[in-house]
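Worksheet: the structure to be examined is printed underneath.
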Amino acid sequence: MSSLSLNTVAVSPHPTKPNTTTTTATTTTTLIQLKQVHAQILRRSSNLNPSSNSLLLQLLVSSCTLSPHHLDYALRVFDQIPTPHTHLSNTFLRELSRKAEPKKALLVYERVRRKEGLGVDRFTFPPLLKAVSKASALAEGMEIHGLAAKLGFDSDPFVETGLVGMYAACGRILEARLVFDKMSHRDVVTWSIMIDGYCQSGLFDYVLQLFEEMKASNVKPDEIVLSKIVSACGHAKNLSYGKAIHEFITENNIVVDPHLQSALVTMYASCGSIDFAQELFNKMSTKNLIVSTAMVCAYSKLGQVENARMIFDQLVEKDLVCWSAMISGYAESDRPQEALKLFNEMQVLGIKPDQVTMLSVISACAHLGALDQAKWIHLYVDKNGFGRALPISNALIDMYAKCGSLERARQVFEKMRRKDVISWTSMISAFAMHGNANDALNFFYQMQDEKIEPNGVTFVGVLYACSHSGLVEEGRRIFSSMINEHNITPKHEHYGCMVDLLGRANLLREALDLVETMPLAPNVVIWGSLMAACQVHGETELGEFAAKQLLELEPDHDGALVILSNIYAKERRWNDVGEVRNLMNYRGISKERGHSRIESNNEVHEFLMADRYHKQADQIYEKLDEVVSELKQVGYAPNTCRVMVDLEEEEKKEMVLCHSEKLALCYGLISNAKGSCIRIVKNLRICEDCHTFMKLVSKVYGREIVVRDRTRFHHCKNGVCSCKDYW
DNA sequence: GTAGGGTTAG
């Protein structure tokens, strides 16, 4: 009993200072008072008869239950009551299930069952089932269902509704529906729970179907069930149904509360009607934080991050969710520097990030590809107690891989106590992007030895590794085992990898066969990868065909037009090149501008082609001249065959020599410590000439050079690249 | 008569 004695009663954490908030003061005092009462009961218990003692303890539990801070204490007192009133256990259960304490509610249930007498009635089940739902404890839920049936409570509408919710929350949507269908009376709450179950399971077509049934059975929908329906329309991209519901809401004068507001705005945005969402948002007389955050997300998802920022900046009071939404907006729109800048601003204001924020920040850092920045974020994560969470570790693996450090990615992986399919897949993709196919395959087999089942994403990583290393046979075998042994239906990305695998290996006929016989309609990516392979292997005719198929699907696709003109340029068909270029000018399409980044002294420096904005531009170009003449002595000659414009040879050479990655490299040679590794991140694919250039510099200057291009890493050392020139 | 519905937005 020592743990309950007065000696251990908590004192104020700051005895010399007055309590800063009144709530802390009252709860502390109340707990002290309760403990004093408890001590009195214990002291006098020998003089009291057992039933009045029990009554006093029950009163004590009731008082503790009033405050969420005292639930643990209440649980301990509850344990001392031999036969608690069912009424008391029910109240106690309700409190525990409403709070984030579902496991404790189940504990109470266990104890009630073990005590004398029955201890349960029909009122016990709704809170109990709610706790089971929160804990997703299916086995316990089924046992409770059995007990309810045995006691004949399973035809009570409240109990039945609880059972529907329990099965839905445990992912057993069919069982939920079975209970639902058997009910003789369903009200709006029952329908709402069933509809929510379908929403959670992603079965949005069923949601709309069920809503029609609900209306047909004359149950009047309220704002809660409507907000679920509206959100389902958004997920199902069913704009016409969404609009109809919106009209229904207006016609029936249903209160549009903030939940419904944000559901409507999000629905319009995800159905492609952002203008409509904005209009609706403008019409709202009071713009609360949640609806504004929904708008920030809506614009971010469309990549219209400037518009998101405008709404963000108009908000006077912003909470963590809103900051996180804006940060992730930048991270996912490939604007990592803004994301990290915002993260700093947020911290200056004293807003503490949570796990969701950190995941966006880590992802931003992965996009940026800056290793020093990555190390800093990793330290921050560990220092602030995020490091043990599985999703965070998984994100760190990806971050280090994308920042060029396979070793550090692997260190994070090795240190993890628990690894899930995402951890393994992240490592496999890491090996794949660094051209290390053997380790990718080893990990793929090892994860299965450890009974982790690969998923569709894992196979993308493995096939990608095969394709980037020319492992044609292995790739074919794995592709068929994915279908036949792992029962995964291949999606576009898997066919994309296979087309890539065959195309790179110059098996273009077979690649085309696959495209023509696959059960899915080929998309832009598939034609694109066939087209790129044709460009590499000089298959003009097929390349032109693939490019034209692609342009049928997406007439303004800049990549297709660029590659088409490259194919023509390689054949010196300048008239055709001119035609493509005119088309691009006419339609206002421009090739994405190449840029390269390099980190130096904790700063990220960015270069465009032939750009002179850098404050050390003179030195950089001087270095470039020096490097070029050094390399010429070992046989380097600028390779201009990829320059798509009809220029004099000398002008073409000038263009190639000013590519942004060469400028970044020269800056690295000037500014980074002698002998250190030079890491460059390029947004497009590296060109053949720059690739040769990097290899030669690694030999002549004795420096390790790591270049991340749009699709993979090139580690150049001693004149050799890790990609073995197979990219 | 003590009971059932919104992880609202990241």
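Throughout, protein chains are lettered first and strands after them, A, B, ... in sequence-line order, and every chain is numbered starting at 1.
Distances shorter than 4.0 Å separate none of the side-chain N or O atoms of A:Lys134 from OP1 or OP2 on B:dT7. In this model, the phosphate group of B:dG4 is approached by a side-chain N or O of A:Arg98 to a distance below 4.0 Å at OP1 or OP2.
With hydrogens and angles left out, the side chain of A:Thr293 and the base of B:dG10 share no donor-acceptor pair within 3.5 Å. Side-chain atoms of A:Ser300 and base atoms of B:dG10 include no donor and acceptor less than 3.5 Å apart.
The CZ atom of A:Phe386 lies 11.0 Å from the CD1 atom of A:Ile377; values are rounded to the nearest 0.5 Å.
Side-chain atoms of A:Asn683 and A:Asp334 form no donor-acceptor pair, as typed in the model, at a separation below 3.5 Å. A:Ser426 and A:Asn394 form no side-chain donor-acceptor contact under 3.5 Å, judged by distance and modelled atom types alone.
Closest approach to the A:Asp354 side chain among B:dT2, B:dG5, B:dG10 is made by B:dG10 (side chain taken as heavy atoms from C-beta onward). Each of B:dG10, B:dG5, B:dG4 was ranked by its minimum atom distance to the side chain of A:Thr357; first place goes to B:dG10. Minimum atom distance to the side chain of A:Ser192 is reached by B:dG5, of the listed B:dG4, B:dG10, B:dG5. Out of B:dG5, B:dG10, B:dT2, the shortest distance to the side chain of A:Cys297 is found at B:dG10. Nearest nucleotide to the A:Asp187 side chain, out of B:dG4, B:dA9, B:dG10: B:dG4. In this structure, the nucleotide among B:dG10, B:dT8, B:dG4 sitting nearest to the side chain of A:Ile193 is B:dG4. In the set B:dG10, B:dG5, B:dG4, the nucleotide with an atom closest to the side chain of A:Phe158 is B:dG4. Nearest to the side-chain atoms of A:Asp121 among the listed nucleotides B:dG10, B:dT2, B:dT8 stands B:dT2.
Contact annotation for A:Pro127: no contact, since no heavy-atom pair falls under 4.0 Å across all strands. If you check every strand for non-hydrogen atoms under 4.0 Å, A:Val159 touches nothing. Using a 4.0 Å heavy-atom distance criterion, A:Thr190 is classed as a base contact.
The distance from atom NZ of A:Lys130 to atom C1' of B:dT7 is 12 Å, rounded to the nearest whole Å. Atom CG of A:Leu129 is separated from atom P of B:dT2 by 20 Å (rounded to the nearest Å). Between the CE atom of A:Met166 and the C1' atom of B:dG4 there is a distance of 14 Å, given to the nearest Å. Atom CG in A:Asn288 sits roughly 15 Å away from atom C1' in B:dG10 (whole-Å rounding). Whole-Å rounding puts the A:Arg94 CZ to B:dG5 P distance at 12 Å. To the nearest angstrom, P of B:dG4 lies 12 Å from CG of A:Leu93. Between the CD atom of A:Gln355 and the P atom of B:dG10 there is a distance of 16 Å, rounded to whole Å. Atom C1' of nucleotide B:dG10 and atom CE of A:Met295 are separated by 16 Å, given to the nearest angstrom.
For the segment residues 194-223 of chain A, residues with any heavy atom less than 4.0 angstrom from an atom of DNA chain B are, sorted by number, A:Asp196, A:Asp222, A:Glu223.
Taking the ring axis of A:Tyr400 as reference, the NZ or CZ atom of A:Lys375 does not stay both within 45° of it and closer than 6.0 Å to the ring centre.
A:Glu345 has no carboxylate O lying under 4.0 Å from a charged side-chain N of A:Lys318, or vice versa, which leaves the two without a salt bridge. With salt bridges taken as basic N to acidic carboxylate O contacts below 4.0 Å, none links A:Glu338 and A:Lys341.
Checked against the 6.0 Å centroid threshold, A:Phe180 and A:Trp191 count as a close aromatic pair.
Sorted by first and then second residue, the pairs that involve residues 292-313 of chain A and meet side-chain hydrogen bond (donor to acceptor under 3.5 Å, both in side chains), not counting sequence neighbours, are A:Gln278-A:Tyr299, A:Gln304-A:Asn307, A:Glu306-A:Arg335, A:Arg309-A:Asp313, A:Arg309-A:Tyr330.
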